[in-house]
Amino acid sequence: VNHRRHRQFIVLSGAANWCRAQAQELLPGKRTTWISEEAPAGAEALTARQALSLLGGELDALVFDAHSGFDADAFGAVAGMLKGGGVLVMLVPELSSWADQAAAGALLPQIEGYAAGDCKHRFVRRLSRLLGMFPGLALVHQGEPLPVLTVETGIGQEPVDAREQAQAVAAVKRVATGHRRRPLVLIADRGRGKSAAFGMAAAELLREGRQRILVTAPRMDAVSALFQHAAASLPWFQHSRGLIALEHQRIEFVAPDALISHPRTADLLLVDEAAGIPASLLRKLLKSYSRIAFSTTVHGYEGTGKGFAVRFNRVLDQVTPQWQSMYLDQPIRWAADDPLENFTFNALLLDAEPAAYELLQGASVENVMVERLPRDLLLADESLLRQLFGLLVIAHYRTSPMDLVYLLDGPNVSVWVARHQGMVVAAALLAREGGLGEPLAEEIWRGRRRPHGHLLPQTLASKTGLRAAPGLKYQRIIRIAVHPALQGRGLGSGLLRQLIDQCRQQQMDRVGSSFGATEQLLNFWRRAGLQPVRLGLRREASSGAHSALLLKPLSEPGAAVYGEARRHFLRQFPLQLCEPLRELDAGVALALLAQTGPREIATGELQELGVFADAGRDYADSLYVLRAFALAECALGRLPVPDRKLLMIKILQGRSWQDSARLAGLSGRKQVMQALRDLV
């Protein structure tokens with residue numbers, strides 16, 4: 001092992017002032033970045049929140065000060081930016097008493113109705129245990145001598161074996177120059193040079209005459225390394241954030257949802273950190289762009305390559321069966337078996353995996369045991385914690401280290417699992433919300449207060465005008481996940497039914513959830529009796545989906561407010577379809593309108609529809625009756641799905657004839673008009 005390219009990890013444990021003074025003594029003359037609320041005067045310093053803006057950069061030496069709280073997201077971000085041969089110094093309180101201090105924890109926001117003492121600091125207890133025993137780090141308690149630095153900052157001490165990265169660059173270029181519809185997926189841990197390979201390939205393609213390379217990712221910050229490596233090869237181009245350009249040639253960042261809503265021509269589309277983008281959006285990108293390459297982090301700060309493979313490989317097989325993949329194993333930034341990388345993976349469970357499928361094959365609704373897990377058990381049983389978190393990560397497109405903190409310490413969070421022979425096959429996280437007093441409820445209703453941790457009652461009060469909503473008691477299902485090898489066996493629905501029964505026994509007024517709306521998810525929740533009461537009017541930039549809020553009443557007061565919320569939704573949603581939700585996916589819109597009750601069409605209106613069908617009346621003169629007809633048929637679901645989608649996009653959403661034709665697979669206005677007359 002090339003230890004000279006390992007990063008040195010030193011932990012100073014003691015009083016804050018002592019730790020900060022020793023860190024200065026340990027790193028004299030080195031260009032050091034401090035992540036601290038109280039960095040020394042003159043130091044290059046950032047708060048934990050500001051540290052996330054560093055994503056994609058490289059650091060020589062780093063001090064991470066946890067005396068004001070350990071920010072798991074920030075640590076996960078900056079640890080991956082330290083160069084091989086660099087030094088990370090972590091400052092922590094005395095390990096034996098850290099969890100008992102008021103500032104312990106990971107900066108969880110205060111949840112209304114819960115005191116600071118309600119947080120049990122399980123995350124910090126586990127972290128303290130790891131720091132006290134983990135091989136490869138140097139732990140120094142207050143009063144002990146400082147270690148001698150065994151490495152020198154600078155990755156250039158040893159030549160880096162970049163053959164694997166060169167192969168990746170060549171593979172990316174082949175996507176742009178070879179046969180169409182043969183996408184590439186680059187898979188690797190952090191520090192393996194995926195983003196650099198993307199950047200170098202993009203630059204080489206421009207030098208060879210290609211005109212436009214598009215780049216997308218969950219956030220623009222995630223592609224800073226890509227743009228840095230591209231810029232280094234194109235010094236004569238103009239560089240700005242998210243853009244490298246010269247005359248007609250450019251490398252340009254575009255958000256995922258914008259690539260779909262306003263398609264662009266490109267020689268190549270590069271999708272970086274693809275695991276942070278939902279498979280439904282990736283499918284649309286795959287269909288819209290014939291030359292596309294994806295990269296994903298196997299064990300990453302956001303998203304997981306394993307989950308990406310589970311969710312997206314099926315899509316690739318269906319849409320572009322000749323897709324290719326490449327796995328990058330050799331670290332570029334540091335040497336293999338790096339102690340800091342090993343610790344980060346363990347501490348933040350970046351390498352957590354669900355139970356092996358071989359142990360679960362016999363699992364069914366009839367033979368699994370559903371139980372609420374005491375979270376102290378998760379602290380005591382590392383294997384169980386890894387199974388649970390690995391499953392949650394795979395199931396959700398956007399998971400961060402902070403989710404591990406909420407899992408262990410969220411004061412209003414409960415954890416439920418379905419187990420087969422002791423192994424976790426399905427899991428759910430619930431958050432208790434509501435039960436807020438009248439003065440605060442009034443402030444929420446007026447839009448003056450937004451207390452953290454009460455998503456359902458706050459949204460219902462502030463967005464739909466329900467004054468009584470904050471006073472009711474809710475269980476919000478934050479996540480529900482089924483082992484990918486066992487999906488389709490009814491395990492998720494079975495777990496959800498038992499959760500609803502438990503919520504009823506706890507005398508909750510309502511159970512609900514909020515998520516990025518897709519047809520599949522909406523149908524899953526509706527089968528359990530949860531109905532939509534609100535749809536967010538803006539797409540999430542990372543998912544491209546609108547957030548849906550669904551509820552099921554469990555008590556008389558809950559039913560009264562639920563009924564009011566449902567009526568409000570059914571009044572508003574059809575009107576929103578033709579303005580802010582005009583570009584909502586037609587399948588999602590149909591799923592939201594389904595089973596909303598029969599709508600009466602008067603005899604006279606039926607006669608008018610007959611005249612329209614016989615071409616005796618124009619479309620514009622029939623809009624009122626056509627809209628009544630479209631709402632009725634979309635609610636009842638009697639027509640075939642393609643016909644209902646045409647009613648949705650043209651009549652209810654009011655899209656242009658050109659867009660309606662494109663979305664319906666028709667050639668133009670004349671064909672759309674005839675299709676409408678035929679189905680009416």
Point to revise | ring pair (Phe, Tyr, Trp, His ring centres under 6.0 Å) partners for Phe75, two or more places apart | key: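 Once residues adjacent in sequence are excluded, the partners of Phe75 under the ring pair (Phe, Tyr, Trp, His ring centres under 6.0 Å) criterion are Phe64, Phe70.
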Minimal non-hydrogen separation, [X] against [Y], with atom names:
X: Val425; Y: Ala363; result: CG1-CB, 4.1 Å
X: Arg375; Y: Leu407; result: CD-O, 2.9 Å
X: Ala66; Y: Trp98; result: CB-CZ2, 4.0 Å
X: Gly136; Y: Pro339; result: O-CB, 3.6 Å
X: Ala188; Y: Tyr327; result: CA-CE1, 4.4 Å
X: Gln421; Y: Leu359; result: OE1-O, 4.3 Å

If the threshold is 4.0 Å, N to carboxylate O, is there a salt bridge linking [X] and [Y]?
X: Lys194; Y: Asp272; answer: no
X: Arg192; Y: Asp329; answer: no
X: Arg264; Y: Glu252; answer: no
X: Arg479; Y: Asp403; answer: yes
X: Arg386; Y: Asp351; answer: yes

Check your understanding: Any side-chain donor paired with an acceptor under 3.5 Å for Gln318 and Arg283?
Key ->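 Checked: Gln318/Arg283 side chains pair up, N/O donor to acceptor below 3.5 Å.
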Check your understanding: Can you tell me if Arg126 and Asn346 form a side-chain donor-acceptor pair at under 3.5 Å?
Key ->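 No, no side-chain donor-acceptor contact under 3.5 Å.
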Report yes if the side chains of [X] and [Y] come closer than 4.5 Å at any heavy-atom pair, otherwise no.
X: Val271; Y: Leu269; answer: yes
X: Leu259; Y: Tyr289; answer: yes
X: Phe198; Y: Val172; answer: yes
X: Thr296; Y: Phe294; answer: no
X: Val185; Y: Met326; answer: no

**Study point:** Steps toward side-chain contact (heavy atoms from CB on, under 4.5 Å) verdict (Lys287, Ile292)
**Key:** CA-CA 10 Å; Lys287 289 183 174 181; Ile292 184 169; over 6 Å; no
Exercise for review: Output, in order, the C-alpha distance, side-chain angles, deciding distance and verdict of salt bridge (Lys or Arg N to Asp or Glu O under 4.0 Å) for Asp267 and Arg291.
Suggested key: CA-CA 7 Å; Asp267 295 295; Arg291 299 186 183 276; over 6 Å; no
Review point. Relative to each other, are the rings of Phe134 and Phe343 parallel, tilted or perpendicular (30° and 60° limits)?
Key: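 Correct class here is perpendicular.
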Practice item. Please step through salt bridge (Lys or Arg N to Asp or Glu O under 4.0 Å) for the pair Arg210 and Glu204, ending with a clear verdict. Key: CA-CA 9 Å; Arg210 294 301 189 278; Glu204 288 187 20; over 6 Å; no
Practice item. Enter the distance from Leu82:CG to Asp60:CG here, rounded to the nearest 0.5 Å. Key: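 Taking CG in Leu82 and CG in Asp60, the distance rounds to 8.0 Å.
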Check your understanding: For the side chain to side chain donor-acceptor pair (under 3.5 Å) test, which of Arg181, Arg182, Arg180 pairs with Ser290?
Key ->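 Going through the options one by one, the only one that passes is Arg180.
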Check your understanding: Has Arg7 got its NZ or CZ under 6.0 Å from the middle of the six-membered ring of Trp334, at an angle within 45 degrees of the ring axis?
Key ->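 Yes, Arg7 sits over the ring of Trp334.
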